[in-house]
Amino acid sequence: MKLKRKFFNRNTVIVAQELLGKYLVRRVGGKVIATRITETEAYCGRNDLACHASKGLTERTRIMFGPPARAYIYLIYGMYHCLNVVTEKEGYPAAVLIRGCELANGPGKLCRELKINKKLNGIDLCGSKELWFEDRVERPAKINKGNRIGVDYAGKWKDKLWRFYI
DNA sequence: ACGATGATGAAC
DNA sequence: TTCATCATCGTA
């Protein structure tokens, strides 16, 4: 069953944890790939110095300021893409980074495997036939927590335990 | 430990 | 227009 917008229109830290165990589904051409999400990170608003939206509303970050459940995708280190899903009400810039799944263990590899790139930036993950999230019946897993990766510049925000994995 | 590789935002 | 930085990965 597809996750609805309501699921994403909530506190980002909650959404990041509840996305664990859900399925990311990608259709490219006639092929459908579904893979279970194993690692996420929460990026929470303008005050969070690790969040791109701490720079304010720019061309890049405007997707995060938009309505929940849209894809925020950007190029990182000149060669990899990262997939995020926008959370919280429109106007509040926050998102969950999908860091890993059963098919691939890092955000860059995940996007490479699923053929996710900036062409999908901004799409509605509730209305898309190319990329969406699904809930499948299964036992809830134990959630581990840690610090977010690669954000040592973010002052006190770098120590937030906003990375979740199973 | 480090280089690949290019978009982004801030400074000038 | 230039410059430092970067939510990574593969090779060493």
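These figures come from a predicted structure and were not determined experimentally.
- No more than 12 heavy-atom neighbours from other residues, nucleotides or ligands sit within 6.0 angstrom of NZ on A:K145.
- Of the charged side-chain nitrogens involved, none lies within less than 4.0 Å of a carboxylate oxygen, so that A:E113 and A:R26 do not count as a salt-bridged pair.
- A:K55 places its NZ atom 18 Å from the P atom of B:dA7, with the value rounded to the nearest Å.
- Figure legend: cation-pi geometry between A:R148 and A:Y43, with NZ or CZ positioned under 6.0 Å from the six-membered ring centre and within 45° of its axis.
- Taking CG of A:L19 as the start and OG1 of A:T38 as the end, the distance is 11.5 Å to the nearest 0.5 Å.
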Show me the donor-acceptor pairs, under 3.5 Å and distance only, between side chains in residues 156-165 of chain A and residues at least two apart or in other chains.
| from | atom 1 | to | atom 2 | distance (Å) |
| --- | --- | --- | --- | --- |
| A:W157 | NE1 | A:N47 | O | 3.1 |
| A:R163 | NE | A:E39 | OE2 | 2.6 |
| A:R163 | NH2 | A:E39 | OE2 | 3.3 |

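- Here the shortest heavy-atom pairing between A:A71 and A:L120 reads CB-O, 3.7 Å.
- A:T35 and A:E102 share no donor-acceptor pair across their side chains, judged by distance under 3.5 Å alone.
- The stretch residues 83-104 of chain A touches DNA chain C through A:N84, A:L97, A:R99, each having a heavy atom under 4.0 angstrom from the strand.
- With respect to the salt-bridge test (charged N to carboxylate O, under 4.0 angstrom), the residues A:K2 and A:E134 do not qualify.
- Looking at residues 73-82 of chain A, you'll see A:L75, A:Y77, A:G78, A:M79 sit with a heavy atom under 4.0 Å from some atom of DNA chain B.
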### Task
Verify side chain to side chain contact (heavy atoms under 4.5 Å, CB included) between A:I76 and A:C82, making sure each step is shown before the conclusion.
CA-CA 7 Å; A:I76 189 68; A:C82 287; 3.8 Å; yes
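- Between A:F133 and A:F8, the ring planes lie tilted relative to each other; the angle falls in the 30° to 60° range.
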### Task
Using Watson-Crick or G-U wobble pairs with both distances under 3.5 Å, give me DNA chain C in dot-bracket, 5' to 3', with [ ] for crossers and | for pairs to another strand.
||||||.||||.
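- The shortest non-hydrogen separation linking A:V32 to A:V25 is CG1-CG1, 3.5 Å.
- Using a 4.0 Å cut-off between a side-chain N of Lys or Arg and a carboxylate O of Asp or Glu, A:R27 and A:E130 do not qualify as a salt bridge.
- Contact annotation: A:R60 side-chain N/O to B:dG9 OP1/OP2 distance is under 4.0 Å.
- For residues 151-166 of chain A, proximity to DNA chain C is found at A:V151, A:Y153, defined as any non-hydrogen atom under 4.0 angstrom from a strand atom.
- Scanning DNA chain C 5' to 3' for nucleotides with an atom closer than 4.0 angstrom to a non-hydrogen atom of chain A gives a first and last hit of C:dC6 to C:dG10.
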